[in-house]
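A short worksheet on the structure shown next.
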Amino acid sequence: MPVPDQHDFATNDFAGAALHRSLALLRAQGPVMPARFGGRPAVLISSHRALAEAFRDNERFPPADAYRITIEPVQGVTFQTMEGEQHRLYRRLATPAFQSRAVEAMEQEGLAQIAHELIDRLGKQRSADFASAFTHRVAFAVISRMLGIPSDREDLFRDWAVGFLEFPRDPARSRHCAEQITRYLLPILAERRREPRDDILSGLVMAEIDGRQLADDEILAHIRLLFSAGASTTTDALGNLIYTLLVQPERWQAVLAQPQLRANAIEELLRFETPVAVLPRLSAAEAVEFHGTRIPASTFCLFAIAAANRDPTVFTQPDRFDMHRDSSRKLLSFGPGPRLCPGMHLARRQLAVALDVVLERLPGLSLRDPEAAVPRGAILRGPVALPVRW
Ligand code: HEM
């Protein structure tokens, strides 16, 4: 079946409602439909039932293969690019560090401090691009502080982290930035080996399972993984949250007046405008059958989380942003199954604390140019700019 060009999920802008319209059309035709990914033929899995099944089926849809192409060449080997028992072992070894005391301390005081500092920097301004001033900074600052990077180096470190994430679009810049991160962290890593502290690096240095510990290059790869998996995702979620609440000012007024609505507003945002809207996987090395479709060997399978999150057989009036809806149990936004996002607790806390601080400090926030602020993209989806005034 010929696939229209507007369905290339690697390259299309999919501004605002365009993504949801395309996904709804595909979902209405069937749970597994032909699509394109970077000019290559792909299939898109869009129904909630089929996608929940695909996430848990690591035989037909082995998770590591796509990451080996899209990120491993600069990130290095991490549990994200491993399968089966090895994935489980390394995940157990490396993820407690994301949930260590450093993360707890960060949740209790650090998150609010970062948000306040960024708003302090706005000084007497009454308008700004809130993406470059705030939403594009919070998540990078959180990871930097959990690593123990001195705050005067935070902006530089953020530039390297953003540059490293340019892979595969700009491999030379990406490699250069990854090297800068390594050069910066190696002496700190040696220090933590001598004198461990309460931070993520020390957690990774000391982690041990069955007598196995992580070597320096493995630790560095897992730090890069924190940025690739944890920074842009949360950045886009925060941008989508601020946009979605401001684009209809009565939503902003509701969360301002009723703090008890905020947790649900965040869950609803994760359903309604999730930052990992489409997640590319590669199918198994041999052709597979799935929901009546034969998928050729090693085909890009686009896990359309944003489509499943708006599946009308699961969510009533799915295109409505409803802060009273209870959707958490059915959300596919953090990828159910053995790859369930280990950073989801931290992500939710970041969104909650950042929203509280913005509402407290800038209650009169409004969009200056709603068109310029719409979420864009499919693989990672968020506003590029957020022109606001207050
Ligand atoms: C709203 C923000 C976030 C969203 C929507 C999100 C979403 C996801 C999804 C969908 C997966 C599954 C990927 C797959 O099946 O291949 C995943 C995995 C992962 N996430 Fe998140 N994530 C977020 C924030 C974070 C944060 C803050 C961290 C770390 C601090 C993080 C670390 C990871 C890691 C390490 C994995 C790989 C797990 C594995 O392969 O076993 N994420 N995330």
Candidates Leu351, Leu331, Asp326 - the one meeting side-chain contact (heavy atoms from CB on, under 4.5 Å) with Glu267:
Leu331
Between Thr78 and Arg224, do the side chains contain a donor N or O and an acceptor N or O under 3.5 Å apart?
no
Under 6.0 Å between the ring centres of [X] and [Y]?
| X | Y | value |
| --- | --- | --- |
| Phe79 | His222 | yes |
| Tyr184 | Phe157 | yes |
| Phe9 | Phe37 | no |
| Phe61 | Phe55 | no |

Heavy-atom pair of closest approach, residues [X] and [Y]:
| X | Y | answer |
| --- | --- | --- |
| Glu83 | Asp65 | OE2-N, 4.2 Å |
| Leu225 | Gln75 | CA-OE1, 3.4 Å |
| Ser283 | Pro296 | OG-O, 3.2 Å |
| Thr70 | Pro168 | O-CD, 4.0 Å |

Is there side-chain contact between Leu238 and Phe134, with heavy atoms separated by less than 4.5 Å?
yes
Does any N or O in the side chain of Asp319 come within less than 3.5 Å of the main-chain N or O of Arg310, such that one atom is a donor and the other an acceptor?
no
Is a side-chain donor or acceptor of Gln248 paired with a backbone partner of Glu250 at a separation under 3.5 angstrom?
no
Ion pair Asp356/Arg262, N-O distance below 4.0 Å:
yes
Are any of the side-chain nitrogens in Asp199 or Arg145 under 4.0 Å away from the carboxylate oxygens of its partner?
no
Stepwise, does the side chain to side chain contact (heavy atoms under 4.5 Å, CB included) test hold for Lys330 with Phe315?
CA-CA 9 Å; Lys330 298 176 208 145; Phe315 301 100; 3.7 Å; yes
Candidate pair Glu218 and Arg212, rule salt bridge (Lys or Arg N to Asp or Glu O under 4.0 Å), full reasoning
CA-CA 12 Å; Glu218 290 176 325; Arg212 175 84 179 84; 2.8 Å; yes
Checking Asp129 against Arg389 for the salt bridge (Lys or Arg N to Asp or Glu O under 4.0 Å) test, could you report, in this order, the C-alpha distance in whole Å, the side-chain angles of both residues, the deciding distance, and whether it holds?
CA-CA 9 Å; Asp129 171 13; Arg389 65 165 81 81; over 6 Å; no
